Amino acid sequence: MYYKSTRNSSVNISSAEAIVQGISADGGLFVPSEIPPITMDEIVKLGDMSYSERAAYIFAKYLTDFTEAEIKYCTDNAYNDKKFATDNIAEMSHLFDGTYILELWHGPTCAFKDMALQILPYLLTTSAKKINIDKKIVILVATSGDTGKAALEGFADVPGTQIMVFYPEDGVSPMQKRQMTTQDGANVAVCGIEGNFDDCQNGVKAIFTDEAVKSKLEENKLMFSSANSINWGRLAPQIIYYISAYATLVKDEEIKAGDKINIVVPTGNFGNILAAYYAKHMGVPVNKLICASNTNKVLTDFITTGVYDRNRDFFTTISPSMDILISSNLERLLYLMCGENDAQIREWFGALSKTGKYEVTDDIKAKLAEEFAAGYCDDTETKATIKRIFDKYSYTLDTHSAVAVKVYEDYRQKTGDTTKTVIASTASPYKFSASVLEAIEGKTSDLDEFDMVDRLAELSGYEIPASLAELKTKEKRFGDVISREKQREYVLGQLSL
């Protein structure tokens, strides 16, 4: 297995090189040379394994330059009861009528990003050793809320690394901001940006491809890498929990081996649903991949029309991790769908950069319609869904998972499709306690952030995660807020260059 760039198919590098580099020098994203198959017999056998063992088995299909011992080292250190609050790592709750909630938020930062960012530091440092990298690796991260804290937690005080996280100052929840600005670690830095997530992400991408900056790094034995899902080492771990979920459903006799399922994913950057696409094309029987958006519905519009247009109003919503208008991982999907035509990808994404818009071919539109369904809901509908599910099932959704539930309900009503369905639940409701409380109680709370957490615990009966409870008395370490034009200057300053 080797890896090539979406913008240059002649690139041919190992998985270790792809993980260390993060993004290709041409601005493209790394993809595996093929999607490795997994048989139904293999999936059934995974049902008798721990999550760490399942992960190791699947990683071996993608990381063919890693030894079995290296992969096991990574998975055993990432997926254990010291890092996650449940032995199963990813829990499955049966909600209603053959609908299952895949809870991906039992890790140390209470968000699905932990599923990938607890293992990425091990993958990255192991990769660096394999290819004899003797430079300090500088991780640059743009976050819409959850990736930042998960990356900080994963890389804090990891030898040979330094990490900087940029977040939209007014575009994350109070709990998300507090998680990031109180982060421990001698090698971490956190900075707010006057703008939205796309501004943060564009700034990071520009720094990655800035030749003058790269020269300065080279002179000082430093190199950039990424912890965003543009890095294959971030995306690959997300494939695992979809395959694992299917294995669990078979083992628990909720489905029979070979039965199709739907998968619903609330997504802004398209990475989480792209991982489900990879799982499907490996061999997981999937009927429809259902893409759920909030009011920033650029993905819903694209899937239904084939036109990607970021020239639109940007909305700050109660599901901030989805407040994105430039969905980076869509590039990987389109590269696969157009037969790995790198010239076509350069054309589309060049147009996106210059005009903010592109339209795919009729062939691609047909493929999108075959694979995906899509929908969106606004904040009012999101809150109503939280309230309805809480009242009817005594289950508390966060503001992102509620978007997925609402979009799925709409899809089911419109199509009559009763295929058993897995809904990816991406965050603990405690990370968005103000909005969740307002939804359940029907009024805006005048409590402070941590009193709201206590009140939500009374209502939901869910144990408050220790990592969130301790934030109440934790000292704030980072308070920088800069304009988007000063990201480059900030990075060079942090590196003393």
Side-chain angles (χ1 to χ4, degrees), residues 2-31 63 65-66 117 120-143 148 151-152 154-166 185-191 193 200-235 328 331 342 346 349 353 480 482 484-497:
Y2 62 91
Y3 289 75
K4 44 195 173 181
S5 167
T6 53
R7 301 189 190 184
N8 182 359
S9 294
S10 67
V11 169
N12 185 353
I13 62 175
S14 68
S15 68
E17 291 173 297
I19 290 168
V20 169
Q21 289 182 37
I23 189 171
S24 181
D26 50 52
L29 306 185
F30 292 119
V31 293
L63 312 181
D65 51 324
F66 281 59
L117 283 164
L120 181 58
Y122 296 102
L123 293 173
L124 183 60
T125 52
T126 301
S127 295
K129 289 177 184 175
K130 289 180 69 62
I131 59 176
N132 299 313
I133 294 290
D134 61 352
K135 301 173 184 176
K136 177 186 276 191
I137 299 173
V138 180
I139 312 292
L140 299 186
V141 178
T143 184
L152 290 163
F155 280 96
D157 292 326
V158 171
T161 70
Q162 185 169 342
I163 180 167
M164 287 173 247
V165 169
F166 298 96
N187 65 334
V188 307
V190 178
C191 184
I193 297 294
C200 299
Q201 181 169 253
N202 288 338
V204 165
K205 284 184 175 179
I207 295 166
F208 260 97
T209 55
D210 187 313
E211 292 300 329
V213 173
K214 285 195 282 188
S215 293
K216 284 180 179 288
L217 264 65
E218 185 70 29
E219 292 168 9
N220 289 274
K221 301 197 82 171
L222 302 168
M223 66 175 292
F224 283 139
S225 190
S226 172
N228 284 89
S229 56
I230 57 174
N231 190 323
W232 179 255
R234 245 293 303 279
L235 189 66
S328 295
E331 182 168 337
D342 53 3
R346 291 194 300 273
F349 287 86
S353 178
D480 289 338
I482 61 174
R484 57 191 176 185
E485 292 81 13
K486 294 197 172 176
Q487 272 180 276
R488 181 183 187 275
E489 180 183 328
Y490 179 90
V491 169
L492 293 177
Q494 289 292 316
L495 297 174
S496 301
L497 296 179

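Because the structure is a prediction, the values reported are computed rather than measured.
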Counting only N and O atoms by type, is there a donor-acceptor contact under 3.5 Å from the side chain of Asn12 to the main-chain atoms of Tyr2? no
To the nearest 0.5 Å, how far apart are OG in Ser5 and CG in Leu29? 7.5 Å
Hey, is the main chain of Leu497 close enough, under 3.5 Å, to the side chain of Asn220 for a donor-acceptor pair? no
Contact check, side chains of Lys205 and Ser328, non-hydrogen atoms, under 4.5 Å: yes
Any salt bridge (Lys or Arg N to Asp or Glu O under 4.0 Å) pairs touching residues 131-142, not counting sequence neighbours? Asp134-Lys221, Lys135-Glu218
Look at the rings of Tyr490 and Phe166 and say which category their plane angle falls in: under 30° parallel, 30 to 60° tilted, over 60° perpendicular. perpendicular
Would you please say whether a donor-acceptor pair under 3.5 Å links the side chains of Asn187 and Thr161? yes
Please determine whether a side-chain nitrogen of the Lys or Arg among Glu219 and Lys216 lies less than 4.0 Å from a carboxylate oxygen of the Asp or Glu. no
With the side chain counted from C-beta on, respond yes when Val213 and Phe224 share a heavy-atom pair under 4.5 Å apart, and no when they do not. yes
Could you give the distance from CD1 (Ile19) to OG (Ser225), rounded to the nearest 0.5 Å? 9.0 Å
To the nearest 0.5 Å, what is the distance between CG (Leu120) and OG (Ser226)? 8.5 Å
Between the CG atom in Leu124 and the NZ atom in Lys129, the distance rounded to the nearest 0.5 Å is 11.0 Å
Rounded distance (nearest 0.5 Å) linking atom CD1 of Ile193 with atom CG of Asp480: 9.5 Å
Closest heavy-atom pair and its distance - Phe155, Ala227: CE1-CB, 4.2 Å
Do Lys130 and Ser14 get their side chains close enough for a donor-acceptor pair, meaning under 3.5 Å? no
Keeping Asn8 on the side-chain end and Gly28 on the backbone end, is there a donor-acceptor pair under 3.5 Å? no
Run through Val138, Ile139, Val190 and flag the one making a side-chain contact (heavy atoms from CB on, under 4.5 Å) with Ile163. Ile139
Is the number of heavy atoms from other residues, nucleotides or ligands within 6.0 Å of CZ (Arg484) greater than 12? no
State the OG-CZ distance between Ser15 and Phe66, to the nearest 0.5 angstrom. 5.0 Å
Do other residues, nucleotides or ligands put more than 12 heavy atoms under 6.0 Å from Lys486 NZ? no
